[in-house]
Structures are given as C-alpha cells and as structure tokens.
Amino acid sequence: MLKVGNNIVSGLQIGTIAIKSVYAGAVKIYPDGIQTNSGTVYGTWIYSAAIRTRSVTNWTQEVYQDGTSGPVINTPAPDQSETASTSYRYGSWGYYSDNSYRQRSQTLVYTFSDTVRDGATDPVSESGSVSYGNWSYNAAIRTRTVTYTYSDTSMAGTAQSQTASTSYRYGSWGYYSDNSYRQRLRTLVYTFSDTVRDGATDPVSESGSVSYGNWSYNAAIRTRTVTYTYSDTSMAGTAQSQTASTSVDWSGEYRDGACSSNYYYVDYKKVRTKYTYADTITYSDYYNGDNRSRRIDGSCGWVRDWRVTSDWANNGNRCNAVGTTNGYDCSGTYRVDYHQQQRSLSFCYPDMSGSTQTSTEYRAGAEASRDQVDGVCGFIAIINNTISIKMKAVPGNDHCYAIITAKYAVTTALRITVLLKGVREWVDMPIGEKSVQIAISGTDGTEGVEFSELTIYPESDNTYRYYAVITEGWI
C-alpha cells in the first residue's frame, strides 16, 4: 500500500497525467485494497408441507484506496430450512340424519416464523354415546327414546321401536244357532325379547266344514241342505239359499283406443261382470271399463318436428335480400343493405319437450341502408370534379367511346360541360338524367387509348351532388 506518512494515497498525478498503477519491483503497491465489503443474499422460500427451504449465497467485494471496487465474489452456502409448528382449524359440526354421529372439516395449519399457511383439509367424524329411555307399550309395538351424547352436547336420535311376536291363549267352544260356526275367547299374547304381555281378549269363531245336498233352483235363488263338520264333531246346519255375487273381471287387454285432446291416446280395459255362486261362475258380455291415457311417440300428433323457439328478430347484422351475412344487393347504382333477422328452432314434441336438435335460420328484414358507394354497383365517384378512364377500340370500328350519365340533386336545370384533351363539349341538362356520348377517333383494334382528362363541370354551384356512370366502352 502506498502512503505518505500515515495518510493513504488515494490518487497520483504527474502534471495533468493520472497514474493508474505503481509497482515496487514485481509487487503492485498502488492502488491496494483498503477494505472488504461482504453480505448474504437469500433466495425465495420453497414450501413443502411443514418444511420450507431457501438458498443462501455469501458475497465479498474489495474496495481499493483509489475509491474503485473489485468484482463481487459469490460463495454458495448451505440452504436454510425451517420447520413450522402445526395445529388444526375446525369447521362446524354437521349431524347426520339420526344424530348418531357427526362430521366437520379439519384443516392442518403450518405456522412459520413470519407467515401462516393452510395444509390439507380432511373430514373428521365422531360417534355419539347412545342411551335409551323407558319402553312405552302400544299393543304389539313398543317404543323408547334414543339419545346420543357427545363431548360437548347431547342430541335426540331416532326413536327405537320393537314389534313383539304374537300368540293366543284360548277358552272353551260355544256353538251358535245354526251350528255353522262356534266361538270361544281368545287372548292375544305379546312376546318381546325380554318380557311377555297380554293383549286384548276377543271372541273367535270357527266355521264348520260344510257339505251340501243337491241344489234346488228357483230363478236366481237356489237352496240345499247343509252339514257343518268340525275337527271333533259334525252339526246339522240351516238349509242354505244363495244369490250370486258380482264382480268385475278384466281380461288383461285394452281396446277401443282413440286419440284424445292434447296428443293423448286413450283406450279402455276389456271387462265383463263375473257372477259367482258357491260352485260355479258365469260371465256377462265384454264392455269397456276404466280408461288409460298415454302419449305415444308417433301417435295422435305426438311427433317430433322443427318448431320455433324464438321468432324472427333483428340480430344486429346486415345482409342482402336472401339473408347472407354482410352481403348486399344493387339497385341501379345504389348499394342496398338489409337488417338481418334470425329465428331459433328445435326438433321437439308439440309442447317443446324432448328436443334432439336445434337450428338457426336467417332472412332479410327491413331495408337498413341505400347508399352510393364508390366502386360498388357500377357507381364511380367524381373526386375534385375529375375522373380518369381508359377506352378500348372495338375491332372493326374506327373509334371508341363512352357514354357519361350525369345526375344531380337540384330542382333547376343544369349545364354539364365535358373537357376532353382540351376540347370542351357541353350539354344542357334538364331536371332528371341526361347522357352525353363522346367519340374518339382511332385505328381498328387500337387499345389503351386514354383520356388524360375527363371532367364534368357543373355550370352553377359546385356543391351540387353529381356523379358519372360509364355504361359503355369501359375497360
């Protein structure tokens, strides 16, 4: 290091020339380092569950006596890591239908030194501790309350019920007047899993097994002798008379189907009246019974077809007369645009259900605009009262020509002057339209004859609206 006394030299000059380096032999003594700066650079934390890591880089930089600095030297250090403390955050309990267990969300929370992050969220469940109330009896069914107790609350569960098995206890038989049946007392016994209880005591009857003599018929009523046989005896009964019972008998078929309102197909059960005697059955003729009403695909107008779901309406686009988007039509020299309309259709049943396809149709609505546009529909605008055109001679003729039509929007007559290569021609134009034909001499087959200037001059105010249409001889 180069010093003057105890002072460190920070710069050297010979006259006006700065000295950059000084050596003592092969050793550089100026400028020499006077201090070394250092520091540490940390990377971004990378999180993995409860652990996060980041890179660490130490750096040094030497400062020289002339005020300059050396390069920064980076030295990687071991990565820094931190393990978070963990805890949980819980949601509210949700109880299941019978309150026998409950569930809530549990979110793992990682707490680092300078931030808190959520981990996985999982459901946690808890079953209640069950207890029962006293049985309440009602015939063959008994019920009791159920309570589920949790660490912090109790919840009523679904009431528990149990149905007993049943049996009977019987008294002695007593026979009735016609001996057709007998009766004794019967007590209903309910047997539960842990107890037996008596139910109601009712009289029960038993009909004897009947045997009959031959029928004696008198119109719709028939009579015969009756004998009742029991398991342990037989008893003579009262002579029997019988009138047939009636019921409706269905063949299992439907008939006489026809279309009804609202696309329904209605048909009827094929039924007959059944006359039941003790030993025979007779029937009436068939007739129509209860009806059923159905919609059947393809019947009674219940058919899928294209049906309008939203009717014609402007959609904001422009089109030509046949509905082509962004198309236009020509009306003379006018470009005509229309408002485009669209409607939506569905391939469905008459009530708009059962759609299998949809479609959109387009058409032209009202006229949107009617304008003359330069280069469209044969309209050629005159810019600064001048147009330039090329003419083509037709083989066999000695000249070519153009027919110029001038139009204007004024209510007074107008004189139009045409200047062609310094030769001026003019024609008076009444209100309406007028054509001027200009011929050019040339050689048969000559092409490319040009008007260097073809100008339509209004004789009055230049603000009149006019234009030219080249109807013949235009290249």
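Everything numeric in this text was worked out from a predicted model, so none of it was measured.
V116 is listed as a side-chain neighbour of V109, based on a closest heavy-atom distance under 4.5 Å. Residues Y287 and V271 form a side-chain contact, since some pair of their non-hydrogen atoms from C-beta on lies under 4.5 Å apart. The shortest distance between side-chain heavy atoms of R343 and Y362 does not fall below 4.5 Å. Contact check for R142 versus Y190: no side-chain heavy atoms found under the 4.5 Å cut-off. Contact check for T191 versus T166: no side-chain heavy atoms found under the 4.5 Å cut-off. Annotation: side chain of E126 is not in contact with side chain of Y101 (no heavy-atom distance under 4.5 Å). Between Y168 and V189 the shortest side-chain heavy-atom distance does not fall below 4.5 Å. Contact check for D118 versus R89: side-chain heavy atoms found under the 4.5 Å cut-off.
Around the CG atom of D114, the shell of radius 6.0 Å holds more than 12 heavy atoms that belong to other residues, nucleotides or ligands. More than 12 heavy atoms of other shown residues, nucleotides or ligands fall within 6.0 angstrom of atom CG in D297.
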Show your working on side-chain contact (heavy atoms from CB on, under 4.5 Å) between Y137 and Q162 and close with a plain yes or no. CA-CA 10 Å; Y137 291 87; Q162 187 180 71; over 6 Å; no

For T360 and Q342: C-alpha separation, side-chain torsions, deciding distance, then whether side-chain hydrogen bond (donor to acceptor under 3.5 Å, both in side chains) applies. CA-CA 7 Å; T360 303; Q342 69 179 57; 5.2 Å; no

Verdict with reasoning, K274 to S247, per side-chain contact (heavy atoms from CB on, under 4.5 Å): CA-CA 5 Å; K274 179 180 179 181; S247 62; 3.5 Å; yes

What's the verdict on side-chain contact (heavy atoms from CB on, under 4.5 Å) for V56 and T40, showing C-alpha distance, side-chain angles and the deciding distance? CA-CA 7 Å; V56 179; T40 302; 3.5 Å; yes

As a quick check of understanding, evaluate side-chain contact (heavy atoms from CB on, under 4.5 Å) for V336 and E367, giving each step before the final call. CA-CA 7 Å; V336 182; E367 185 176 300; 3.7 Å; yes

Starting from the C-alpha separation in whole Å, work towards a yes-or-no answer on side-chain hydrogen bond (donor to acceptor under 3.5 Å, both in side chains) for T229 and S209. CA-CA 5 Å; T229 301; S209 176; 5.4 Å; no

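Panel note: side chain N320, backbone G323; a donor-acceptor pair is recorded below 3.5 Å. Remark: the backbone N or O of A156 is paired with a side-chain donor or acceptor of N99 at under 3.5 angstrom. Side-chain atoms of E82 come within 3.5 Å of backbone N or O of S113 as a donor-acceptor pair. Between the side chain of N314 and the backbone N or O of G316, no donor-acceptor pair lies under 3.5 Å. Under a 3.5 Å cut-off, the side chain of S251 and the backbone N or O of K270 do form a donor-acceptor pair. Between the side chain of T309 and the backbone N or O of S344 there is at least one donor-acceptor pair closer than 3.5 Å. S284 places a side-chain N or O within 3.5 Å of a backbone atom of T273 that can act as its donor or acceptor partner.
Residues forming a salt bridge (charged side-chain N to carboxylate O under 4.0 Å, His left out) with R318 (at least two apart in sequence, or on another chain): none. T145 pairs by the side chain to side chain contact (heavy atoms under 4.5 Å, CB included) definition with nothing, not counting sequence neighbours. The salt bridge (charged side-chain N to carboxylate O under 4.0 Å, His left out) check on D305 picks up nothing, with sequence neighbours excluded. Not counting sequence neighbours, the partners of Y349 by the ring-ring contact (aromatic ring centres under 6.0 Å, His included) test are W302. Evaluation of the salt bridge (charged side-chain N to carboxylate O under 4.0 Å, His left out) rule for D152 yields R102 as partners, not counting sequence neighbours.
The shortest heavy-atom contact between Y338 and G365 is CD2-O, 3.7 Å. What you find for R182 and S231 is that their closest heavy atoms are NH2-OG, 3.6 Å. Of all heavy-atom pairs spanning S355 and S346, the tightest one is OG-OG, 2.6 Å. Minimum interatomic distance between V303 and G298 (heavy atoms only, all atoms of both residues): CG2-CA, 3.8 Å. Residue A49 comes nearest to F112 through the heavy atom pair O-CZ, 4.0 Å, listed as atom of the first residue, atom of the second, then distance. Here the closest heavy-atom approach between residue G199 and residue T187 is recorded as O-CG2, 4.2 Å.
A salt bridge links R292 to D267: at least one charged side-chain nitrogen sits closer than 4.0 Å to a carboxylate oxygen. With respect to the salt-bridge test (charged N to carboxylate O, under 4.0 angstrom), the residues D202 and R186 do not qualify. One finds no salt bridge joining R370 and D337 here, because no Lys/Arg side-chain nitrogen approaches an Asp/Glu carboxylate oxygen to under 4.0 Å.
The distance from atom CD1 of I46 to atom OG1 of T53, rounded to the nearest 0.5 Å, is 5.0 Å. Rounding to the nearest 0.5 angstrom, the gap separating the CG atom in D249 from the CZ atom in R272 is 5.0 Å. Rounded to the nearest 0.5 angstrom, R117 CZ and T115 OG1 are separated by 7.0 Å. Rounding to the nearest 0.5 Å places OG1 of T44 at 11.5 Å from CZ of R52. Summarising the geometry, atom OH belonging to Y148 is positioned 8.0 Å from atom OH belonging to Y150; distances are rounded to the nearest 0.5 Å. A distance of 5.0 Å separates CD of Q340 from CG of N317, quoted to the nearest 0.5 Å.
Taking the six-membered ring where tryptophan is involved, the planes of W250 and Y254 are perpendicular, since the angle between them exceeds 60° and thus also 30°.
There is a side-chain donor-acceptor pair under 3.5 Å between Q103 and Y96.
Figure legend: R255 and Y268 shown without cation-pi pairing, the cationic atom not lying both under 6.0 angstrom from the six-membered ring centre and within 45 degrees of its axis. Remark: R184 is positioned above the aromatic ring of Y170, its terminal NZ or CZ atom under 6.0 angstrom from the ring centre and at most 45 degrees off the axis. In this structure, R304 fails the cation-pi test against F347, since its NZ or CZ atom is not both closer than 6.0 Å to the six-membered ring centre and inside 45 degrees of the ring normal. Taking the ring centre of Y264 as origin, the terminal cationic atom of R295 falls inside the region bounded by 6.0 Å and 45° from the ring axis.
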Which atom pairs, donor and acceptor, lie under 3.5 Å between side-chain atoms of residues 69-79 and protein residues at least two apart or in another chain?
none

